[in-house]
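Being a predicted model, the structure only gives us computed values, none of them experimental. The sequence lines fix the lettering, A, B, ..., with proteins before strands; numbering per chain opens at 1. Only this structure's heavy atoms are used, side chains among them; waters, hydrogens and symmetry mates stay out.
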There are 2 protein chains.
Amino acid sequence: MKRSLEHIEYKENTEALARFAKALGHPTRIAILKHLDKQSCCFTGDLVDVFPLAQSTISQHLKELKNAGLIQGELKSPKIKYCINQENWKIAKSLFKEFFD
Amino acid sequence: MKRSLEHIEYKENTEALARFAKALGHPTRIAILKHLDKQSCCFTGDLVDVFPLAQSTISQHLKELKNAGLIQGELKSPKIKYCINQENWKIAKSLFKEFFD
DNA sequence: TATTCTTATCGTAAAGATACGATTGGTTTT
DNA sequence: AAAACCAATCGTATCTTTACGATAAGAATA
């Protein structure tokens with residue numbers, strides 16, 4: 001991608017909202033979050049059983065959701081328990097709500 | 001991208017929501033929609049003046065928003081007037097609302 | 001008819017996203 | 001200590017996205 005030399009300045013909420021939206025921009029990640037919301041929490045292995053995708057692919061999607069702040073992982077040896085990050089979830093929720101009026 | 005041979009089946013709303021989210025997944029497109037919402041409608045040229053991006057780049061973002069169904073264009077010769085697609089906007093709004101509870 | 005105005009599209013380049021298998025790293029169990 | 005288990009990361013291939021300038025297409029104006 002040929003980038004503009006100058007960094008475009010958006011209003012603060014604009015970039016935050018776009019970041020959340022981008023993380024939600026893949027059906028697998030939406031499905032993971034729905035699953036997480038229903039189960040409250042779950043392990044990576046559970047998702048590998050649910051989706052016809054390689055373990056590494058699931059892991060990659062989880063990483064993106066984590067980077068966006070929408071989920072968080074907690075070591076429950078030998079597994080990792082993933083849950084919704086409630087704090088950021090609220091922020092995302094309010095940003096979308098505000099955006100759509 | 002090496003694709004799975006099989007097409008993954010998601011629930012209907014999952015794909016629809018991901019499609020909307022993907023369209024919102026860029027700060028410029030969020031900013032365009034905010035501008036469109038405030039102004040009610042606008043022309044391509046207005047946006048070119050507002051953002052430090054090439055005309056062709058703006059046009060490409062508008063195309064994506066149009067493909068996602070979030071906006072619609074109307075020929076007002078010699079310009080094109082873009083507005084929010086209220087019908088689909090409502091659908092997107094309700095999908096996000098339902099998703100976040 | 002020629003010119004101008006406005007926007008879409010084409011061609012292209014660089015970066016990012018998505019998928020996989022294989023490997024690694026850290027725990028737990030044997 | 002060895003084996004087994006779970007998940008992250010690495011390396012790789014391919015497709016998509018984002019950006020630009022240049023060109024084309026359409027209608028209005030001179």
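If you measure from atom CD of B:Gln55 to atom C1' of D:dA25, you get 13 Å, rounded to the nearest angstrom. The nearest whole Å value for the distance from the CD atom in B:Glu74 to the P atom in D:dG26 is 19 Å. Distance, A:Ile58 CD1 to D:dT9 P: 15 Å, rounded to whole Å. Atom CG of B:Leu62 and atom P of D:dA19 are 13 Å apart (whole Å). Atoms CG (A:Asn67) and C1' (D:dT9) sit 13 Å apart, rounded to a whole Å. In this structure, A:Lys66 atom NZ and D:dA8 atom P are separated by 6 Å, rounded to whole Å. Between the C1' atom of D:dT17 and the CG atom of B:Leu65 lies a distance of 14 Å, rounded to the nearest Å. What separates CD1 of B:Ile80 from C1' of C:dA8 is a distance of 7 Å, to the nearest Å.
Residue A:Lys22 places at least one side-chain N or O under 4.0 Å from the OP1 or OP2 atom of C:dA17. Dashed line: the shortest gap from a side-chain N or O of A:His61 to OP1 or OP2 of C:dA17 is not under 4.0 Å. Taking only side-chain nitrogens and oxygens, B:Lys76 never comes nearer than 4.0 Å to OP1 or OP2 of C:dT6. Regarding contacts with the backbone of D:dT17, every side-chain N or O of A:His26 stays at 4.0 angstrom or more from both OP1 and OP2. Between A:Thr57 and C:dA19 there is no side-chain N or O to OP1 or OP2 distance below 4.0 Å.
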message: For a side chain to side chain contact (heavy atoms under 4.5 Å, CB included) check, start with the C-alpha distance between A:Ile80 and A:Leu62, then their side-chain angles and the critical distance, and finish with the verdict.
response: CA-CA 11 Å; A:Ile80 293 177; A:Leu62 288 171; over 6 Å; no
* Evaluate the side chain to side chain contact (heavy atoms under 4.5 Å, CB included) criterion for residues A:Asn88 and A:Ile71: first the C-alpha distance (whole Å), next the side-chain angles of each, then the deciding distance (0.1 Å), finally the verdict. => CA-CA 8 Å; A:Asn88 289 330; A:Ile71 65 172; over 6 Å; no
| message | Please determine whether side chain to side chain contact (heavy atoms under 4.5 Å, CB included) holds for the pair A:Ile8 and B:Leu53, giving the CA-CA distance in whole Å, both sets of side-chain angles, and the decisive distance to 0.1 Å. | response | CA-CA 9 Å; A:Ile8 300 180; B:Leu53 291 168; 3.7 Å; yes
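For C:dA17, the base has no donor-acceptor partner in the side chain of A:Glu64 [N/O atoms by modelled type, under 3.5 angstrom].
Of the candidates C:dT18, C:dT7, C:dC20, the closest approach to any side-chain atom of A:Leu53 belongs to C:dC20. Across C:dA8, D:dA19, D:dA8, the shortest atom-to-atom separation from the side chain of A:Tyr82 is found for D:dA8. Comparing D:dT18, D:dC20, C:dT7 against the side chain of B:Ser56 picks out D:dC20 as the nearest. The side chain of B:Lys63 sits closest to C:dT9 out of D:dA7, D:dC20, C:dT9.
For the side chain to side chain contact (heavy atoms under 4.5 Å, CB included) with A:Asn85, the lone residue among A:Lys90, A:Lys66, A:Gln72 that qualifies is A:Gln72. Shown are A:His61, A:Gln55, A:Gln60; of these, the side chain to side chain contact (heavy atoms under 4.5 Å, CB included) with A:Thr57 is made only by A:His61.
Between B:Phe96 and A:Phe96, the two ring planes are parallel [angle under 30°; tilted spans 30° to 60°].
Relative to the ring axis of B:Phe43, B:Lys79 places its NZ or CZ within 45° and under 6.0 Å from the centre.
Contacts of B:Lys81 with the nucleic acid, taken as non-hydrogen atoms under 4.0 Å apart, are absent. Heavy atoms of A:Gln60 sit under 4.0 angstrom from at least one base atom.
With sequence neighbours excluded, the residues that form a side-chain hydrogen bond (donor to acceptor under 3.5 Å, both in side chains) with B:Thr14 are A:Lys34.
Near DNA chain C, meaning a heavy atom under 4.0 Å away, the residues from residues 37-44 of chain B are B:Phe43, B:Thr44.
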Report all interatomic pairs (protein N or O, nucleotide N or O of nucleotides 28-30 of chain C) with separations under 3.5 Å.
from	atom 1	to	atom 2	distance (Å)
C:dT28	OP1	A:Ser77	OG	3.2

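Across all non-hydrogen atoms, the minimal contact from B:Ala68 to B:Phe20 is O-CE2, 3.3 Å. Across B:Leu70 and B:Ala23, no two heavy atoms sit closer than the pair CD1-CB, 4.0 Å.
Side-chain contact check for A:His26 versus B:Lys22: every heavy-atom pair is 4.5 Å or farther apart.
Mapping A:Arg29 and A:Leu75 onto DNA chain C by nearest heavy atom places A:Arg29 at the nucleotide closer to the 5' end.
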